[in-house]
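Have a look at the structure below before the remarks.
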Amino acid sequence: MITKSLYQEVILDHNRNPRNYGSLDNANRSAEGHNPLCGDHLNIKLNLSEGYINDISFQGESCAICKASASMMTANVKGKTQADAETMIQEFREMTIGKLEPNDKHHLGRLTVFFGVRDLPTRVKCAILPWHTLQAALNSVATISTEADDDPMHVSIGNA
Amino acid sequence: MKLVESLLKSPNTSMFDVEQIRADFPILKLKIDGKPLVYLDNAASSQMPQPVIDRMTKYQTMQHANINRAVHYLSETATAEYEKSRHKLKNFINANEEREIIFTSGTTDAINLVAHGYGRKFICSGDEIILTTLEHHSNIVPWQMLAEETGAKIRVVPINDEGELLIEEYKQLFNKHTKFVGVTHVSNALGTINPIKQMIEFAHARGVPILVDGAQTAPHMNIDVQDLDCDFYTFSGHKLCGPTGIGILYGKAILLERMQPFKGGGDMIASVTFEKTTYNTIPHKFEAGTPPIAAAIGFGAAVDYLSSVDLSAIEAYERNLINYATEQISHIPGIRIIGSATEKVAVLSFSVDRIHPHDIGTLLNQEGIAVRTGHHCAQPVMQHYKVPATTRASFSFYNTMVEVDALISGIQKVQKVFL
């Protein structure tokens, strides 16, 4: 069953011991993400200079799927260029809504543990919230919501 | 298992045979990923027994036409069956007359009807509307919309940590500006049964009408609107083994007659010219357009079914279920029960240390167990307890002690995953 494969050890581990959790002193970009449907919220801070994400952190209250997604995301984008991160945001989104298949070319690495979430439409937003918030931070948008009209991913998620 | 045996043998539960009842509900035979369905989301929507399904099929197969229209056989049959359903609902809640029963699309629709039909006519700037912390959003938002439009104010009755309304505070909220009270009979998020008879008496002593949201009451206990003496009472068909898309608003005839219509259209008029329209009498004044006829007839069949089971026996059986569930769950470490009112229906809202309700819900689903996770459309309740969401198991008379055990071991399994 899909949910079994979703709650696998790597996700549980990142939930238990989230990487890059906390605040960031030298942050020059940040954003706050909310999912009003379940009350989840998280804050992402990052240091972006010369096109590189030098450092990144997150903090917040959320379910295991959201927290693990945030933890793995920060670990994966740290040290990457903004352009690389944006490619990953796009690919992660496409993976969770079923537009990107496991055999397609992608740059997600172990993040493919979230493939199963596409079969749980009510949980897609949990997995995607950190990515969504990262995109806002990179683009200097202060707050985003999974339910806002101007949410760039709202329509696609809703159709998932 | 000792408690189960003693509960199963207690006189209250011997009044009906739960296995025989379960046989009436085809959906309860379902397997979810090979595991028997344990449906504990009854406060969101209940399941439908075969007699109700059959009644709706019979209507759709052999009796359907539009009502209140044509002189032909089918239209007359459909009209008669639709009105028969109104008669059943009247008896079900012991209303005085059929015309006091308005078919609506559900509880939300009924509350909007009153906020519009009564509120926009009789509530003005500076007037006050009393609501409670326990309300579902559907008994908050229509009044907020009214308040925003008219300049009226909303006053809110607080709760204690057990999830019970503070009745002394309720009484303190009344003043010369108080024009209306809206209160839920039973909290959907916590299961608390409010002392509405006392609240109605107090409001009436001050000449203030009161609406009771009965969405969570109807499938669990007897309702007698004349004994309660409430001005408005409302509930939905799909929470009491009937179909979605149908509900009723009970209103005292004298109030319904003075109210303005909610929706305009066919059926709700006496005559129409471009110069002036005169409205039909109640209940038709509030039933514009073609109603969901099959759903209304199914609603009547659901009421028949519940009456055949006997609501007093249901109430006693469900009390045993919730007592057993509460006792079993309190043995699990890290569990916090949200809402422990002395008077409550079979709703068990809880949180588990370090585990988010959505993770609990997804993992319980893996065991075939359906619970609701989230804020239950009652965010003020969540704010009181300072939690974003809870997990809620809500029981019906077709649930069993074995299913309670399945829930308990399901929660323990979830805890193991997150160890």
Side-chain angles (χ1 to χ4, degrees), chain A residues 1-18 21 32-43 58-72 96 113-130 145-147 157 160, chain B residues 30-38 41 44 137 140-141 189 334 338 349 351-392 410-419:
Chain A
M1 175 142 181
I2 295 304
T3 45
K4 272 183 196 134
S5 65
L6 185 58
Y7 284 87
Q8 53 188 279
E9 196 43 48
V10 57
I11 286 180
L12 294 169
D13 174 60
H14 276 267
N15 175 56
R16 237 176 263 129
N17 309 301
Y21 193 86
E32 189 81 31
H34 291 274
N35 182 347
L37 293 182
C38 60
D40 286 1
H41 63 94
L42 62 92
N43 178 277
F58 81 101
Q59 256 179 321
E61 295 279 332
S62 68
C63 66
I65 301 301
C66 181
K67 198 186 238 180
S69 175
S71 172
M72 293 179 74
T96 55
V113 291
F114 289 97
F115 254 110
V117 82
R118 64 172 63 183
D119 295 314
L120 299 166
T122 53
R123 304 303 302 278
V124 168
K125 288 182 186 183
C126 309
I128 219 164
L129 179 64
S145 163
T146 55
E147 300 310 303
I157 297 169
Chain B
L30 216 63
K31 294 240 165 36
I32 308 293
D33 198 34
K35 306 214 167 119
L37 167 70
V38 176
D41 195 17
H137 296 165
I140 299 175
V141 183
I338 313 275
S349 229
S351 60
V352 184
D353 262 3
R354 296 176 297 106
I355 310 179
H356 193 283
H358 279 178
D359 296 318
I360 298 170
T362 297
L363 286 162
L364 285 178
N365 177 57
Q366 200 173 300
E367 302 299 315
I369 303 168
V371 293
R372 171 79 194 272
T373 58
H375 53 58
H376 317 295
C377 296
Q379 287 181 352
V381 176
M382 302 297 115
Q383 285 149 17
H384 175 87
Y385 288 99
K386 298 185 172 59
V387 291
T390 75
T391 304
R392 180 188 70 186
I411 295 167
Q412 288 166 329
K413 268 190 190 169
V414 174
Q415 286 181 313
K416 264 186 211 143
V417 170
F418 281 91
L419 259 185

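Letters A, B, ... are given to chains in the order of the sequence lines, protein chains preceding strands, and every chain is numbered from 1.
In the displayed structure, B:R354 atom CZ is contacted under 6.0 Å by at most 12 heavy atoms of other residues, nucleotides or ligands. Annotation for A:E61: atom CD does not count as buried by contact number, only 12 or fewer foreign heavy atoms lying within 6.0 Å.
Ranked by heavy-atom pairs under 4.5 Å with chain B, the first of A:C66, A:S62, A:C126 is A:S62.
For the residue pair B:H358 and A:D40, no side-chain donor N or O sits within less than 3.5 Å of a side-chain acceptor on the partner.
In terms of heavy atoms, B:D359 sits closest to A:R123 at OD1-NH2, 2.9 Å.
With a threshold of 4.5 angstrom between heavy atoms, A:I65 approaches chain B through its backbone and through its side chain.
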